[in-house]
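Convention: sequence-line order gives letters A, B, ...; per-chain numbering from 1.
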Amino acid sequence: MDPAERTRLVTRHVAEVVTEEELETLVGGESPSAYIGYAPTGEMHIGHFTTIRKLADFLRADVEVTVLVADLHAHLDDEKSPFDLLDARSQYYEETIRAMVEAAGADPDRIEFVRGTEFELSEDYSVELLRMAAETTISRAQRAASEVVRQTENPKLGGLLYPLMQSLDVKTLGADIAYGGIDQRGIYMLSREILEDHGGDPPVCLFAPLLSGLTGGKMSASDEQSKVNLNDSPAEVEEKIDGAYCPAGEVEDNGVLEYLRYLVFPILDERGEQFVAERPDEYGGNVTFETYEDLETAFTSGELHPADLKPAAAAYVSDVIDPIRQRLDAQPELLREAYPEKYG
RNA sequence: CCGCCCUUAGCUCAGACUGGUAGAGCAGCCGACUGUAGAUCGGCUUGUCCCCCGUUCAAAUCGGGGAGGGCGGACCA
């Protein structure tokens, strides 16, 4: 595959590349590798799906992909996951990620899955981590992790170890590209700074955009209405999107449009399908959009009203997550064991 | 090891001194207005008052014990 096409696949729909030059050098060479880590904490949602879609692009561009299920990190971050649930949640995460990769049109068996506990407790890793801890100031670690680690009145030491371990993961997994949501930026900038002193290379960083919350502002893990979960029923998806903040003509902070832009259209594009919004005759009848840009233009101009957009968006989003929902519904024990207080 | 402080609604807290049916703001939910949502009005809901024992007719409130959290002191061979 020619390097230009490779670069296009790797960088489409991303929020930032650090740096473009380094990436081009990388994809110009043999079998580059990328990794993304997920800490198995709360239930997986549609925001995860936007990052997963890129994994399919990596595979198409012949970039090797490793997914780290960062079980220790899930506990280290203010004990978001209780220690005894790490294994169950890791299983749920891995299975759900596989389903998403497949839904994005790629083969999950081409991805290497690794758990944190498989290598983060080795002697070499531990020694290197302690050396990093000796060299890194508290404020530097705090700053790196502030967008990722839960911020509380009484921060734990674990939240400071977190970015150091994540940096060491990049080296240990041998990843050329560190990929994640743009919230991970602080941590990987730290990685680029300190890894050279610890026998590693600074990773090329690729950041996915974060989706806005449906209730306006940021998506919140604790606000169920602000996000679509991957196992939400079609009725739940419809209800959440119907209740979404969606001012006519505005693109800013508009979660509904972002869902379409980063999730629905890329997948429709892959399938060669169009977006059809049903609309009563009095408002102009049904409309069809070939690209997200066309839809956004119609929305911005006021030609497409939110009340017509929402039901269509809900149907497409529901359709896109359907294969994942089915896999989860077929294996109820995954969620039951991972979140016993909710599904037990 | 010692001392001091904190724990009340989903969140931030008032109420405790002086015992008498547990409150506010925010959030949430429901209506009105918008061809969606938001904003704005109008209305409504929410509780092991950290746990146990005791005093009392009556304990969030007083006494004792315990748990969790915070702060400080001491020790620094």
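- Taking atom P on both nucleotides, G23(B) is separated from U36(B) by 38 Å, rounded to a whole Å.
- Base pairing of U46(B): no nucleotide in any strand meets the Watson-Crick or G-U wobble criterion (both distances under 3.5 Å).
- A side-chain contact (heavy atoms from CB on, under 4.5 Å) with L230(A) holds for exactly one of R327(A), R325(A), M100(A); it is M100(A).
- Pair check for G3(B) finds C71(B); Watson-Crick or G-U wobble, both atom distances under 3.5 Å.
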- Could you go step by step and tell me if F265(A) and Y316(A) meet the ring pair (Phe, Tyr, Trp, His ring centres under 6.0 Å) rule? CA-CA 9 Å; F265(A) 272 96; Y316(A) 279 96; 7.9 Å; no
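- Rounded to whole Å, the P atom of G73(B) lies 33 Å from the corresponding atom of C17(B).
- Atom C1' of G63(B) sits at a distance of 13 Å from the matching atom of G19(B), rounded to the whole Å.
- Nucleotide U61(B) is matched to nothing when pairs are restricted to Watson-Crick or G-U wobble geometry with both distances under 3.5 angstrom.
- Between the side chains of E239(A) and Q225(A), not a single donor N or O lies within less than 3.5 Å of an accepting N or O.
- The residue D308(A) sits close to a base: some heavy atom pair falls under 4.0 Å.
- Checking D232(A), V237(A), N229(A), V228(A) one by one against I46(A), the side-chain contact (heavy atoms from CB on, under 4.5 Å) holds for a single residue, V228(A).
- Pairs engaging residues 243-269 of chain A under the side chain to side chain donor-acceptor pair (under 3.5 Å) rule: S212(A)-E258(A) [sequence neighbours left out].
- When both distances must be under 3.5 Å, the Watson-Crick or G-U wobble mate of U12(B) is A24(B).
- Counting heavy-atom neighbours within 6.0 Å of D281(A) CG, excluding the residue itself, gives a total of 12 or less.
- Nucleotide A32(B): paired with U40(B) (Watson-Crick or G-U wobble, both distances less than 3.5 Å).
- One C1' atom belongs to G10(B), the other to C51(B), and the distance between them is 22 Å to the nearest Å.
- Near RNA chain B, meaning a heavy atom under 4.0 Å from it, residues 239-246 of chain A has D242(A), G243(A), A244(A), Y245(A), C246(A) in order of number.
- Map T215(A) and L304(A) each onto its nearest nucleotide of RNA chain B; the residue landing nearer the 5' end is L304(A).
- For Y283(A), the listed nucleotide lying nearest its side chain is G35(B); candidates were A37(B), G35(B), G70(B).
- Separation of the C1' atoms belonging to C49(B) and U8(B) is 4 Å when rounded to the nearest angstrom.
- For E79(A) and G68(B), the CD to P distance is 13 Å, given to the nearest whole Å.
- Residue order along RNA chain B, read from the 5' end via each residue's closest nucleotide, puts E153(A) first among K156(A) and E153(A).
- Across all strands shown, C76(B) forms no Watson-Crick or G-U wobble pair with both distances under 3.5 Å.
- Taking the six-membered ring where tryptophan is involved, the planes of F289(A) and F275(A) are tilted, since the angle between them lies from 30° to 60°.
- Between Y283(A) and H305(A), a ring centre-to-centre spacing not shorter than 6.0 Å is recorded.
- Nucleotide C26(B) holds its P atom 18 Å from the CG atom of D223(A), rounded to whole Å.
- Separation of the C1' atoms belonging to A22(B) and A58(B) is 15 Å when rounded to the nearest angstrom.
- Here, G72(B) and C29(B) have their P atoms 41 Å apart, quoted to the whole Å.
- Rounded to a whole Å, the CG atom of D78(A) is 12 Å from the P atom of G69(B).
- Comparing the same atom, C1', in C26(B) and in G20(B) gives a spacing of 30 Å after rounding to whole Å.
- We find that CG of L309(A) is positioned 14 Å from C1' of G35(B), with the value rounded to whole Å.
- We find that CD of E224(A) is positioned 13 Å from C1' of G10(B), with the value rounded to whole Å.
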